[in-house]
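Written below as structure tokens is the structure these notes are about.
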Amino acid sequence: MEHFITPPMAESLIRESQVEAQKAIDEGNPPFGCVITDVYGRIVMRAHNTQNTDHDPTAHAEINALSRLGRELGNRSLKEYIMVANAESCSMCASAAVKAYVEVFFYGAPAEGRMNPQIHMSDIADATSMPLQITGGILAEECAAQIALGRQTEK
């Protein structure tokens with residue numbers, strides 16, 4: 001999919017996902033945030049992790065964003081949208097995005113060593129027939145520091 005997100009725009013969008021991650025941290029949830037944009041980088045959905053407050057193991061930031069946007073659009077296909085997260089998506093979130101036909105991903109920090117199962121986005125890309133464009137490591141140190149701090153305060 002052709003998109004028009006430049007490296008400076010990608011950094012700005014990662015910072016927006018960090019704003020969402022901070023909301024998760026402030027609520028006592030795991031420190032993850034996500035924004036979904038159109039091909040021009042305009043944010044159309046924001047979400048953060050709400051696993052603890054919703055008592056829902058699937059309430060990851062990406063799942064929350066995908067679900068809300070699909071309902072808002074009245075369509076489960078999000079082919080023309082881009083997912084941006086403060087960290088590499090877990091296998092559940094990456095698979096859900098593929099099921100929604102999202103093909104372009106930007107993320108900050110690499111996956112935590114505690115991710116279970118240890119299935120990375122590159123593994124998901126290798127296992128799908130869709131061509132995925134995955135760009136990681138954007139503001140990685142900054143994102144990793146926020147995640148580490150958030151993990152200390154998580155309930």
Side-chain angles (χ1 to χ4, degrees), residues 1-27 29-50 59-70 72-73 75-115 118-152 154:
M1 176 181 72
E2 185 177 11
H3 65 81
F4 303 95
I5 296 179
T6 63
M9 288 171 65
E11 284 189 7
S12 177
L13 293 168
I14 291 292
R15 290 192 195 290
E16 292 298 322
S17 73
Q18 288 182 285
V19 168
E20 290 300 313
Q22 189 60 51
K23 291 177 187 176
I25 293 166
D26 293 345
E27 295 171 4
N29 289 296
F32 301 103
C34 174
V35 295
I36 298 178
T37 76
D38 65 12
V39 297
Y40 299 103
R42 293 180 295 227
I43 296 172
V44 296
M45 185 57 61
R46 298 170 172 274
H48 58 277
N49 189 301
T50 58
H60 291 198
E62 299 94 327
I63 298 293
N64 289 340
L66 291 166
S67 296
R68 289 181 197 147
L69 185 58
E72 187 175 292
L73 296 173
N75 192 343
R76 73 177 204 91
S77 175
L78 304 177
K79 187 171 180 64
E80 298 299 317
Y81 296 93
I82 297 166
M83 182 174 286
V84 181
N86 68 316
E88 179 180 358
S89 297
C90 72
S91 59
M92 176 182 70
C93 293
S95 294
V98 168
K99 293 279 189 187
Y101 305 105
V102 174
E103 297 175 344
V104 180
F105 301 84
F106 292 92
Y107 69 85
E112 292 178 289
R114 67 192 275 176
M115 185 169 70
Q118 277 288 338
I119 300 172
H120 295 270
M121 291 186 76
S122 60
D123 300 320
I124 301 295
D126 291 343
T128 183
S129 60
M130 285 175 34
L132 303 183
Q133 299 173 44
I134 303 167
T135 304
I138 303 165
L139 302 174
E141 290 180 18
E142 190 176 311
C143 290
Q146 181 188 36
I147 292 166
L149 185 60
R151 286 293 192 195
Q152 293 174 9
E154 185 181 342

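From a predicted model like this one, the values you see are computed outputs, not experimental measurements. Positions are given from 1 along the sequence.
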Checklist line | Y81 side, atom OH; L66 side, atom CG - distance, nearest 0.5 Å | finding: 12.0 Å
Next item on the list: Output the distance between atom CE (M1) and atom CE (M130), rounded to the nearest 0.5 Å.
Entry: 9.5 Å
Atom pairs and distances, donor-acceptor, side-chain atoms in residues 34-46, under 3.5 Å, two or more places apart:
unit_1, atom_1, unit_2, atom_2, d
D38, OD1, Y40, N, 2.9
D38, OD1, G41, N, 3.1
D38, OD1, R42, N, 2.9
D38, OD2, R42, NE, 2.7
D38, OD2, R42, NH2, 2.9
R46, NH1, E16, OE1, 2.9
R46, NH2, E16, OE1, 2.8

Check: Run the side-chain contact (heavy atoms from CB on, under 4.5 Å) check on H60 and F32 step by step: do they pass?
Finding: CA-CA 8 Å; H60 291 198; F32 301 103; over 6 Å; no
Next item on the list: Can you sort out the partners of F106 under ring pair (Phe, Tyr, Trp, His ring centres under 6.0 Å), two or more places apart, ordered by chain and number?
Entry: H3
Identify all side-chain donor-acceptor contacts of residues 8-15 below 3.5 Å with residues at least two apart in sequence or on another chain.
unit_1, atom_1, unit_2, atom_2, d
R15, NH1, E142, OE1, 3.0
R15, NH1, E142, OE2, 2.4

Next item on the list: Evaluate side-chain contact (heavy atoms from CB on, under 4.5 Å) for L73 paired with L78, printing each intermediate quantity in order.
Entry: CA-CA 9 Å; L73 296 173; L78 304 177; 3.7 Å; yes
Checklist line | Close side-chain approach of P31 to Q22, heavy-atom, < 4.5 Å | finding: no
Notebook entry, point to check: Does the side chain of K23 come within less than 4.5 Å of D26's, by heavy atoms?
Noted result: no
Next item on the list: Provide the full list of side-chain hydrogen bond (donor to acceptor under 3.5 Å, both in side chains) pairs with a residue in residues 83-93, sequence neighbours left out, each pair given once.
Entry: E62-S89, E88-H120
Margin query: Around atom CZ of R151, are there more than 12 heavy atoms from other residues, nucleotides or ligands closer than 6.0 Å?
Written below: yes
Give the minimum heavy-atom separation between [X] and [Y], together with the two atoms involved.
X: I119; Y: I124; value: CG2-CD1, 3.9 Å
X: Q18; Y: Q146; value: O-NE2, 3.0 Å
X: A144; Y: A109; value: N-CB, 3.8 Å
X: A65; Y: A47; value: N-CB, 3.5 Å

Margin query: According to side chain to side chain contact (heavy atoms under 4.5 Å, CB included), who are the partners of F105, at least two apart in sequence or on a separate chain?
Written below: M83, A97, V102, M121, L132, I134
Check: Can you list the steps and then say if I82 with Q133 is a side-chain contact (heavy atoms from CB on, under 4.5 Å)?
Finding: CA-CA 10 Å; I82 297 166; Q133 299 173 44; over 6 Å; no
Margin query: List the residues meeting side chain to side chain donor-acceptor pair (under 3.5 Å) with S67, not counting sequence neighbours, and say none if there are none.
Written below: none
